[in-house]
Chemist: 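Sharing a structure with you now.
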Amino acid sequence: MDCSLPSLYEACHEKPYAPSKPGFGQWPRTKYWWAWALSDRPGVWILKLHRGKNLLVAGEIAALADPVCRAELEHMEGEDPAWARLLAHLCEAGPSTLEDLQVELALKPRELRSLRVPLERCGAVVSRQLLQEREGGVELRTTELARWDQAFPEPSPRGGLEDLVVAGVRAGVLAREDELGRWFSWRRLWRTELVDDLVRAGRLYRPESGWVAEA
């Protein structure tokens, strides 16, 4: 586990697939598919807001991320012409599979990946796995990309970075204070005084130096 945020795979209580190997070898031997199965359930999303790592969230947490992700969507549209081109295409064509985007935008797989990764990390774009049936009844998984405002059309009346930090601390029960600024991808939005402000507001407290919990 890279931080105090709870990990689905750590909770599986199962030996890794290949204990001596890094990466996928450390995934649970038989439960590696649980994350995708959970994301198939209504109201569950896999987001990349945890610095590009898979973060399973329900609608309540997505609502807390909504104001930040909408602001990031606008920011990324004006930050780079290539990002703006992809976002504009999704706005016009709607949620699209990677295969369709490669054809319609004349992009190679590696080129499309270099565009989507930073957009997913900040929440401007959301991906999900789809099952496609091919000839012979074979089902294959493909990835669909959507803008944040397509995946979540209605703006949330609440939320923000502070609310997400409090929700993360609640999920972790107890968290190291020096980790909080590294939880999410929005490093440019982090304020050094954010934790102090949450403590003064009575939303977090320090049970001892260097640690925080929900008040």
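Source: prediction; values computed, not measured.
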Chemist: To the nearest 0.5 Å, what is the distance between CG (Leu107) and CD (Gln102)?
Modeler: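 Leu107 atom CG to Gln102 atom CD measures 7.5 Å (nearest 0.5 Å).
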Chemist: Is the side chain of Glu104 donor-acceptor paired with the backbone N or O of His89 at a distance under 3.5 Å, no angle test?
Modeler: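 No: the side chain of Glu104 does not pair with the backbone of His89.
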Chemist: Quick one: pull up CG in Leu115 and CG in Leu101 and give me the separation to the nearest 0.5 Å.
Modeler: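 Here the rounded value is 10.0 Å.
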Chemist: If every non-hydrogen atom of Gly52 is compared with every non-hydrogen atom of Ser185, which pair is closest and at what distance?
Modeler: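 Where Gly52 meets Ser185 most closely, the heavy atoms are N-OG, 4.0 Å.
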Chemist: Evaluate side-chain contact (heavy atoms from CB on, under 4.5 Å) for Trp190 paired with Leu180, printing each intermediate quantity in order.
Modeler: CA-CA 9 Å; Trp190 184 259; Leu180 304 189; 3.8 Å; yes
Chemist: Report the distance from atom CG of Leu112 to atom NZ of Lys108, rounding to the nearest 0.5 Å.
Modeler: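 Between atom CG of Leu112 and atom NZ of Lys108 there are 13.5 Å.
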Chemist: Taking all non-hydrogen atoms of both residues into account, name the closest pair between Pro16 and Gly25 and its distance.
Modeler: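 The answer is CB-O, 3.4 Å.
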Chemist: Is the shortest side-chain N to carboxylate O distance from Arg203 to Glu214 below 4.0 Å?
Modeler: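 Salt bridge: no.
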Chemist: Take Ser156 and Leu64 through the side-chain contact (heavy atoms from CB on, under 4.5 Å) test and state the conclusion after the steps.
Modeler: CA-CA 7 Å; Ser156 172; Leu64 299 182; over 6 Å; no
Chemist: Would you sort out whether Met76 and Cys122 count as a side-chain contact (heavy atoms from CB on, under 4.5 Å), showing the intermediate values?
Modeler: CA-CA 9 Å; Met76 300 299 269; Cys122 72; 3.6 Å; yes
Chemist: May I have all residue pairs that pass side chain to side chain donor-acceptor pair (under 3.5 Å) and include part of residues 59-74, sequence neighbours excluded?
Modeler: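 As it turns out, the side chain to side chain donor-acceptor pair (under 3.5 Å) pairs with a partner in residues 59-74, which skip direct neighbours, are Asp66-Arg70, Asp66-Trp148, Glu72-Arg188.
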Chemist: What's the separation between atom CZ in Arg51 and atom CZ in Arg187, rounded to the nearest 0.5 Å?
Modeler: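 The distance works out to 7.5 Å.
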Chemist: Do the charged groups of Glu162 and Arg191 touch, with an N to O distance under 4.0 Å?
Modeler: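 Looking at Arg191 together with Glu162, the answer is yes, because their closest N to O distance falls below 4.0 Å.
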Chemist: Would you call Glu77 and Arg147 a salt bridge, taking side-chain N to carboxylate O under 4.0 Å as the test?
Modeler: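 Salt bridge: yes.
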Chemist: After noting the C-alpha distance and the side-chain angles of Tyr205 and Val212, does the key distance pass the side-chain contact (heavy atoms from CB on, under 4.5 Å) rule?
Modeler: CA-CA 6 Å; Tyr205 80 102; Val212 292; over 6 Å; no
Chemist: Give the minimum heavy-atom separation between Leu47 and Val57, together with the two atoms involved.
Modeler: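 Heavy-atom minimum between the residues: CD1-CG2, 3.6 Å.
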Chemist: Can you find a heavy atom in the side chain of Glu193 that is under 4.5 Å from one in the side chain of Leu198?
Modeler: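 Answer no - side chains too far apart.
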Chemist: Would Leu189 end up clustered with Trp83 when hydrophobic side chains under 4.5 Å apart are linked, directly or stepwise?
Modeler: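 As far as the 4.5 Å side-chain criterion goes, Trp83 and Leu189 are not connected within one cluster.
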Chemist: At their closest point, which heavy atom of Ser114 faces which heavy atom of Glu111, and how far apart are they?
Modeler: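 Heavy-atom minimum between the residues: OG-O, 2.7 Å.
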Chemist: So, applying side chain to side chain contact (heavy atoms under 4.5 Å, CB included) with Val125, which one of Val117, Leu145, Leu73 is it?
Modeler: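 Of the listed options, the one satisfying the test is Leu145.
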Chemist: Assess, by modelled atom type and distance only, whether the side chains of Thr142 and Gln129 contain a donor and an acceptor separated by less than 3.5 Å.
Modeler: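 Per modelled atom types, Thr142 and Gln129 side chains form no pair under 3.5 Å.
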Chemist: Without swapping roles, check the side chain of Trp211 against the backbone of Glu177 for a donor-acceptor pair under 3.5 Å.
Modeler: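 Not at all, since once roles are kept as given, no pair shorter than 3.5 Å links the two residues.
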Chemist: Using a 3.5 Å distance criterion without hydrogens, assess whether the side chain of Ser96 forms a donor-acceptor pair with backbone atoms of Gly94.
Modeler: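 Checked: pair present.
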Chemist: Evaluate the side-chain proximity of Thr97 to Asp100: yes if any heavy-atom separation is below 4.5 Å, no if none is.
Modeler: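 The answer is yes; the side chains approach within 4.5 Å.
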Chemist: Working to the nearest 0.5 angstrom, can you tell me the gap between Leu87 CG and Gln150 CD?
Modeler: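 The CD atom of Gln150 is 9.5 Å from CG of Leu87, to the nearest 0.5 Å.
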Chemist: Between Leu55 and Leu119, is there a shared hydrophobic cluster once you connect ILVMFWY residues whose side-chain heavy atoms come closer than 4.5 Å?
Modeler: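 No.
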Chemist: Between Leu174 and Ala213, which heavy-atom pair has the shortest distance, and what is it?
Modeler: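 Shortest heavy-atom separation between Leu174 and Ala213 comes out as CD1-CB, 4.2 Å.
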Chemist: Quick one, Val166 and Leu204 - any side-chain contact, counting heavy atoms below 4.5 Å?
Modeler: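 Yes; the side chains approach each other to less than 4.5 Å.
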Chemist: Is there a donor-acceptor pair closer than 3.5 Å between any side-chain N or O of Arg85 and the backbone N or O of Leu105?
Modeler: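 Here the side-chain-to-backbone pair exists.
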Chemist: Which atom names give the shortest non-hydrogen contact between Ile61 and Ala167, and what distance separates them?
Modeler: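 Closest approach of Ile61 to Ala167: CD1-CB, 3.9 Å.
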Chemist: Does a donor on one side chain and an acceptor on the other come within less than 3.5 Å for Glu144 and Ser127?
Modeler: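 The answer is no; no qualifying pair exists.
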Chemist: Would you indicate whether Arg206, at its atom CZ, is surrounded by more than 12 heavy atoms from other residues, nucleotides or ligands within a distance under 6.0 Å?
Modeler: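 Yes, enclosed.
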Chemist: More than 12 heavy atoms of other residues, nucleotides or ligands under 6.0 Å from CZ of Arg200: is that the case?
Modeler: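 For Arg200, atom CZ is crowded (more than 12 foreign heavy atoms under 6.0 Å).
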Chemist: If you count every heavy atom of other residues, nucleotides or ligands that lies below 6.0 Å from Glu154 atom CD, does the total exceed 12?
Modeler: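 No, not enclosed.
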Chemist: Under the ring pair (Phe, Tyr, Trp, His ring centres under 6.0 Å) rule, collect the residues that match up with Trp45, sequence neighbours excluded.
Modeler: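 So Trp45 forms a ring pair (Phe, Tyr, Trp, His ring centres under 6.0 Å) with Phe152.
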Chemist: Could you state the interatomic distance from CH2 (Trp183) to NZ (Lys53), rounded to the nearest 0.5 Å?
Modeler: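 These two atoms lie 13.5 Å from each other.
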